[in-house]
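Working notes, structure below.
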Amino acid sequence: MLIKEKEQYRPRVHFAPQANWINDPNGMVYFEGEYHLFYQYNPNDTVWGPMHWGHAVSKDMVKWEELSIALYPDQLGQIFSGSAVVDWDNTTGFFPEKPGLVAIFTHHQPGDHEHPDKQSQSIAYSHDRGRTWEKYHGNPVLTDDTLIDFRDPKVFWDQTRGLWIMVLATGQSVRFYSSKNLKEWQFESQFGDDRGYQKGVWECPDLFQLPVEGSDKTRWVLLVSVGDNPEYQTGSKTQYFVGEFDGKTFKPEHVDVRWLDHGKDNYAGVSFSDIPSNDGRRIYMGWMSNWRYANQVPTKGWRGQMTFPRCLSLQEHHGQCMIRQLPVKEIERYARQVSMIDRKRIEPSQPYHIKLDEGCVDVKLKLDIARAQLLILTCKHTADQETIITFNGSTQEVSLQRQDYSHGKLPDLFEATQSMPFYGNPELNIRLIIDAASIELFTDDGLQALTSLIYPDQPCQELVITSQNGDTQLLSGQVSIL
Ligand code: FRU
């Protein structure tokens with residue numbers, strides 16, 4: 001394969017494997033100065049297959065170094081998704097000398113025509129900063145005789161009660177378990193079934209506490225990814241619940257379905273464990289793809305990439321606590337060139353052009369659309385290929401229209417319009433991270449997010465801002481070439 005073919009679509013600031021297939025981020029943990037990213041990995045092909053845990057480390061979550069495979073399939077099955085924690089107090093007994101990492105993951109034993117799939121939870125530990133792993137001899141540590149979908153353990157230390165808590169996907173619900181030592185687990189409660197979005201299997205949950213900005217209150221957030229169901233045009237997508245967790249049960253404070261991301265390409269995301277308290281951030285990364293077409297996207301020699309890491313917070317909006325997410329500040333170090341845009345008026349007849357160097361850019365814009373009410377951002381890739389983002393002030397909806405330039409090979413969902421509400425009207429606040437094959441759009445200081453892959457023949461060469469019906473005031477802008 002030509003290097004050029006392999007490098008086409010390769011992101012500049014997003015994690016993607018050098019070769020072969022990846023899906024979910026796994027075991028994200030910070031330990032001894034390194035961010036660890038493990039991931040669902042098929043080392044033998046560019047489509048989903050026997051799952052391993054691949055491994056990469058980073059000092060800043062932007063530049064990643066790929067290491068050797070962390071976990072291989074064994075007699076209990078393939079290594080499906082899960083989490084990793086630092087066992088600071090040697091609760092497991094694995095670390096008599098100094099703290100180390102424990103991975104908690106699903107063993108997946110594929111079924112055959114006589115037996116269904118079998119999923120169970122297992123653990124492994126590492127004494128050398130995740131470079132090598134020992135599987136626990138007593139695996140599996142949690143089984144169930146009836147459930148087929150029983151996977152993706154996310155574990156955290158509950159400081160208040162002095163226990164480990166696991167949240168696990170169990171069909172169209174999640175279950176909470178507790179443990180003193182990561183080896184013996186006790187069932188606490190089940191949540192879901194009749195709650196939230198139910199048109200697909202629940203996967204990759206996460207549970208954490210977040211402060212509510214500008215108050216002394218906190219809330220618990222439960223993330224739940226929902227798998228693709230071909231009967232619906234949703235694809236695979238991640239929802240979240242905000243509520244209370246008392247160490248045993250989770251109680252949401254709303255009945256509406258809330259999407260973490262309105263785009264098609266942010267799935268199975270969870271947060272890092274053990275971010276130091278003097279940092280205090282809750283940092284999230286998702287798999288930037290969709291099960292509807294993940295196996296068909298047109299990269300060569302490798303397939304799959306992660307979203308840019310995002311810092312999560314909670315903000316009260318019309319009495320509802322909502323997740324706010326923005327790219328982590330580490331991105332600023334990667335700005336090769338920063339230009340500020342002064343206040344200017346954009347007339348309908350004179351669109352404003354921003355030339356981009358190699359198509360990877362971080363853009364911040366503040367605009368007043370009081371007169372126009374219709375604003376279009378066009379990413380120009382080639383003379384006849386573009387991705388169009390339209391802000392409609394009267395419906396308070398933004399939509400992203402991408403095209404399938406892989407010559408019609410991707411399912412319809414790829415070209416279906418993606419849209420989300422925005423609140424800031426007439427003063428619109430936009431953040432965009434554009435990479436070789438993706439656009440991450442944030443509005444309202446991150447209260448709304450839309451993540452979308454794109455596969456044009458060339459990365460974005462130019463961004464064109466067009467005001468329709470009337471003029472738009474560009475209040476301020478910053479364009480950082482990455
Ligand atoms: C989510 C998922 C998980 C599972 C893994 C298998 O994308 O289906 O539920 O553990 O992928 O690769």
Side-chain angles (χ1 to χ4, degrees), residues 14-16 21-26 28 39-42 46-49 51 80-82 106 108 117 119 148-152 154 167-174 192 195-206 222-241 257-271 284-299 303-308 310 323 325 400 402 404 409-420 437-441 449-455:
H14 291 81
F15 176 78
W21 163 275
I22 66 164
N23 55 290
D24 315 356
N26 295 150
M28 290 193 289
Y39 40 86
Q40 289 288 280
Y41 185 49
N42 179 1
T46 53
V47 289
W48 190 86
M51 282 291 112
F80 268 23
S81 286
T106 298
H108 170 85
D117 293 355
Q119 299 185 333
I148 293 174
D149 295 305
F150 186 65
R151 61 177 176 271
D152 308 339
K154 179 73 163 75
V167 52
L168 191 69
T170 49
Q172 277 165 259
S173 59
V174 294
R195 308 300 294 254
Y197 189 76
Q198 285 287 340
K199 293 174 178 165
V201 67
W202 286 19
E203 302 184 308
C204 300
D206 193 2
L222 175 66
L223 302 182
V224 178
S225 284
V226 189
D228 182 29
N229 180 343
E231 285 177 37
Y232 302 96
Q233 274 297 78
T234 319
S236 51
K237 222 167 158 165
T238 302
Q239 62 179 329
Y240 73 91
F241 300 89
V257 173
R258 300 203 184 152
W259 298 116
L260 181 67
D261 192 307
H262 296 268
K264 296 284 174 232
D265 299 309
N266 181 359
Y267 192 65
V270 288
S271 65
Y284 163 96
M285 235 195 291
W287 171 45
M288 196 151 57
S289 198
N290 192 306
W291 277 119
R292 184 71 59 92
Y293 45 73
N295 279 279
Q296 291 142 271
V297 297
T299 50
R303 207 180 251 130
Q305 54 178 308
M306 301 304 174
T307 66
F308 196 79
R310 301 172 185 184
I323 288 193
Q325 56 192 304
L400 183 145
R402 65 180 169 184
D404 177 9
K409 286 193 220 91
L410 298 173
D412 292 349
L413 188 71
F414 190 86
E415 287 201 335
T417 307
Q418 303 174 64
S419 58
M420 68 173 177
S438 64
I439 296 182
E440 286 161 283
L441 165 67
L450 191 157
T451 302
S452 178
L453 290 168
I454 45 170
Y455 293 103

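In this text the structure is predicted, and so the values were computed from the model without any measurement.
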With Y293 as partner, the option from D412, D404, D265 fulfilling side chain to side chain donor-acceptor pair (under 3.5 Å) is D265
For V47 and R303, which heavy atoms make the closest approach, and how far apart are they? CG1-NH1, 3.6 Å
Hey, can you tell me if F80 and H108 have their rings parallel, tilted or perpendicular (30° and 60° cut-offs)? parallel
Under a 3.5 Å distance rule, please check whether T307 uses its side chain to pair with a backbone N or O of G286 as donor and acceptor. yes
Regarding Y284 and N266, is there a side-chain donor-to-acceptor distance under 3.5 Å anywhere? yes
With a 4.5 Å heavy-atom cut-off, do W202 and V226 have their side chains touching? yes
For the CE atom of M420 and the CG atom of L400, what is their distance to the nearest 0.5 Å? 9.0 Å
Please find the pair of heavy atoms, one from Y41 and one from I22, that lie closest to each other, and give the distance. CD1-CG2, 3.8 Å
Supply the atom-to-atom distance W21 CH2 to T46 OG1, rounded to the nearest 0.5 angstrom. 9.0 Å
Could you check whether N26 and Q40, counting side-chain N and O atoms only, form a donor-acceptor pair closer than 3.5 Å? yes
For L260 versus Q325, what's the shortest heavy-atom pair and its separation? O-NE2, 2.7 Å
First locate atom CG of L441, then atom OG of S452, and finally report the distance between them rounded to the nearest 0.5 Å. 10.0 Å
Would a distance-only check, ignoring hydrogens and angles, find a side-chain to backbone donor-acceptor pair under 3.5 Å from N229 to E231? yes
Identify the two heavy atoms, one from C204 and one from D24, that lie closest to each other, and give their separation to 0.1 Å. SG-OD2, 3.3 Å
Tell me whether E203 contacts the main-chain N or O of Y267 through its side chain, where contact means a donor paired with an acceptor under 3.5 Å. no
Heavy-atom closest pair (M285 atom, M306 atom, distance to 0.1 Å) is SD-CB, 3.7 Å
With a 6.0 Å cut-off on ring centres, are W287 and Y39 close enough? no
Do the non-hydrogen side-chain atoms of K409 and P298 ever get within less than 4.5 Å of each other? no
Side chains of Q296 and P411: does their closest heavy-atom pair fall under 4.5 Å? yes
Check: D206 side chain, L223 main-chain N or O, donor-acceptor pair, under 3.5 Å: no
For H14, does its backbone N or O pair with a side-chain atom of Q305 as donor and acceptor, under 3.5 Å? no
Taking all non-hydrogen atoms of both residues into account, name the closest pair between Q239 and Y197 and its distance. OE1-N, 2.8 Å
Donor-acceptor pair, S225 side chain versus A268 backbone, under 3.5 Å? yes
Cationic N near anionic O, under 4.0 Å, D152 to K154: no
Do side-chain atoms of D117 reach the backbone of I148 as a donor and acceptor pair under 3.5 angstrom? no
Student check: side-chain heavy atoms of I454 and I439 closer than 4.5 Å: yes
Within-4.5 Å side-chain heavy-atom neighbours: K237 and V257: no
Has the side chain of Y232 got a donor or acceptor atom that lies under 3.5 Å from a matching backbone atom of K199? no
Aromatic F414 / basic R402 pairing, under 6.0 angstrom, 45° off normal: yes
Sidechain-backbone polar pair: Q418 side chain, G263 backbone, donor-acceptor under 3.5 Å: no
Is it true that a side-chain atom of N295 and a backbone atom of W48 form a donor plus acceptor pair closer than 3.5 Å? yes
Would L413 and Q233 satisfy side chain to side chain contact (heavy atoms under 4.5 Å, CB included), going step by step from the backbone distance to the final call? CA-CA 7 Å; L413 188 71; Q233 274 297 78; 3.9 Å; yes
Below 4.5 Å, heavy atoms only, C-beta onward: do E440 and R310 meet side chain to side chain? yes
